[in-house]
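Side chains included, hydrogens not; waters and symmetry mates left out as well; all remaining heavy atoms used.
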Amino acid sequence: MQLVVARIGRAHGIKGEVTVEVRTDKPEVRLAPGAVLTTDPASAGPLTIETGRVHSGRLLLRFAGVRDRNAAEALRNVVLIADVDPDERPEEPDEYYDHQLVDLDVVLADGTEVGRITEVSHLPYQDLFVVERADGTEVLIPFVEEIVTEVDLDAQRAVIVPPPGLIDDRAVIATAREAEAGKTGADHGTAVDETAVDETAVDEGAAGEGARGDGSVRDTGDGDGAADGRAAGDGDDR
């Protein structure tokens, strides 16, 4: 299986080094000296990594045969792709590669179908499942333990327990309208208990805690760590 592990950025210096946007949680393996990577576009490769070093927090690579700034700049925006065993799994049992999660069916605890994962979106604060529903609309599901309670690769499904409004915003709108109607009626009689209204608010803390790491789900292929201990591994390792 081929997984995206990096994208080449600008040239660095005059000796052929380039910056890279890392998309793997295993750069020490995927982007190590001696690694041979295919490319997109294919005409730019294959490329063999000759040296690698970190400079000011960024990974710099030099490829065999690339000796000057012009040659390095010609590789800008080229995507680097690694060949990976499709049966490879992240080291942690609750981590996943993106390609393992894409196409899983998403269901509620009672088996009700929600949709199918079409993409894993890696944001700075958490990972999200992009789920396509039967009617063609999309819903975003935070990949956190409080919401995604089970990932079963054998059954090809992910079980979720969504907070109110996450997968059916229309229900939230209806509830809001009913609450407003009740408040209007209360203006003519007994005042509405504002505390009770506040207690129905969705607890957004659970959805905001902890992105899943390793590329949630990433060899982003590879992503970043998850606060709740679950991760999507090798992110664009997709």
Side-chain angles (χ1 to χ4, degrees), residues 1 3-5 22-26 84-173 175 199-238:
M1 175 175 290
L3 301 175
V4 173
V5 293
V22 177
R23 297 186 181 178
T24 174
D25 283 344
K26 297 181 179 179
V84 178
D85 184 342
D87 294 327
E88 180 180 328
R89 293 285 303 271
E91 295 178 359
E92 297 298 325
D94 56 354
E95 294 181 351
Y96 307 90
Y97 293 134
D98 285 4
H99 69 272
Q100 295 173 314
L101 297 170
V102 171
D103 285 335
L104 293 187
D105 293 325
V106 177
V107 300
L108 301 181
D110 63 3
T112 302
E113 294 184 4
V114 176
R116 179 180 61 88
I117 299 173
T118 59
E119 180 184 348
V120 180
S121 179
H122 303 289
L123 303 181
Y125 53 91
Q126 68 181 18
D127 296 326
L128 297 172
F129 289 162
V130 180
V131 177
E132 181 178 322
R133 309 193 70 171
D135 61 3
T137 60
E138 290 184 339
V139 60
L140 301 179
I141 307 294
F143 190 13
V144 294
E145 189 173 10
E146 293 85 352
I147 296 175
V148 182
T149 59
E150 179 185 358
V151 174
D152 188 336
L153 297 182
D154 293 330
Q156 286 290 286
R157 70 174 192 171
V159 179
I160 66 171
V161 179
L166 180 63
I167 64 174
D168 191 355
D169 54 2
R170 289 168 295 184
V172 172
I173 293 172
T175 301
E199 288 177 350
T200 65
V202 175
D203 180 6
E204 295 179 354
E209 292 180 1
R212 312 208 169 183
D214 246 37
S216 163
V217 179
R218 309 162 207 188
D219 234 343
T220 198
D222 294 302
D224 302 48
D228 63 9
R230 308 184 70 181
D234 276 351
D236 270 42
D237 266 10
R238 309 187 181 191

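- In this structure, R116 CZ and E138 CD are separated by 10.0 Å, a value rounded to the nearest 0.5 Å.
- Within a 6.0 Å radius of CD in E113, other residues, nucleotides and ligands contribute 12 heavy atoms or fewer.
- For the pair D98 and H122, the minimum side-chain heavy-atom distance is below 4.5 Å.
- Taking every heavy atom of both residues into account, Q100 and L153 meet most closely at O-CD2, 3.6 Å.
- The two residues V148 and P142 make their nearest non-hydrogen contact at CG2-O, 3.6 Å.
- Remark: of the listed residues V106, V131, L108, L108 is the sole one forming a side-chain contact (heavy atoms from CB on, under 4.5 Å) with I167.
- With values rounded to the nearest 0.5 angstrom, E132 atom CD is found 10.0 Å from D103 atom CG.
- L104 places none of its side-chain heavy atoms less than 4.5 Å from the side chain of D152.
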**From CA spacing to verdict: side chain to side chain contact (heavy atoms under 4.5 Å, CB included), V130, L128** = CA-CA 6 Å; V130 180; L128 297 172; 5.5 Å; no

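- For the pairing with F129, the side-chain contact (heavy atoms from CB on, under 4.5 Å) check across V139, L140, I141, I160 returns one residue only, I141.
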